[in-house]
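What follows is a short report on a single structure.
All residue numbers in this chain count up from 1 along the given sequence.
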Amino acid sequence: MLEKWVGMLILVAMLVPMAHGVTPSECKTEKNNLVNNCRPVIFGRDPSAVCCQNVRDAHIECVCPYLGPKAASVIRGIGVPRVVKLIEGCGRSVPRNYKCGSITTPP
């Protein structure tokens, strides 16, 4: 079950710009809001207005620490095209080849 929540955090990490000056307490609140408000997305529902607002407000430095190989497999299970569509449906663009904390270009 935890892997599913981490998968939602990956969705957010794919689109949130880097911001500075976020406290650990603010990061914890952001993570908890994402997990609680975006949970239905993992089960195939569209994101709610509150979930989308959390996606738009989250900071990458709050999300990246929760990402790892298990989370990546969850994203593959959901389907990258669906993930991108959901993120863009929340009003955020997803840069091509984005990885947590950096943007890479293909060779």
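To the nearest 0.5 Å, the span separating CZ on Arg45 from SG on Cys38 amounts to 13.5 Å. To the nearest 0.5 Å, atom NZ of residue Lys31 and atom CG of residue Asn36 are 8.5 Å apart.
Linking Ile, Leu, Val, Met, Phe, Trp and Tyr residues whenever their side-chain heavy atoms come within less than 4.5 Å places Phe43 and Ile87 in a single cluster.
Pairing each heavy atom of Asp46 with each of Val41, the nearest pair is C-CG2, 4.2 Å. Of all non-hydrogen atoms in Glu30 and Asp57, the two that sit nearest each other are OE2-O, 3.7 Å. Here the closest heavy-atom approach between residue Asn37 and residue Cys51 is recorded as O-CB, 3.3 Å.
Between the side chain of Arg92 and the backbone N or O of Arg56 there is at least one donor-acceptor pair closer than 3.5 Å. Within the 3.5 Å criterion, the main-chain N or O of Gly44 finds a donor-acceptor partner in the side chain of Arg82.
Taken as a pair, Cys52 and Cys90 meet the criterion of an SG-SG distance shorter than 2.5 angstrom.
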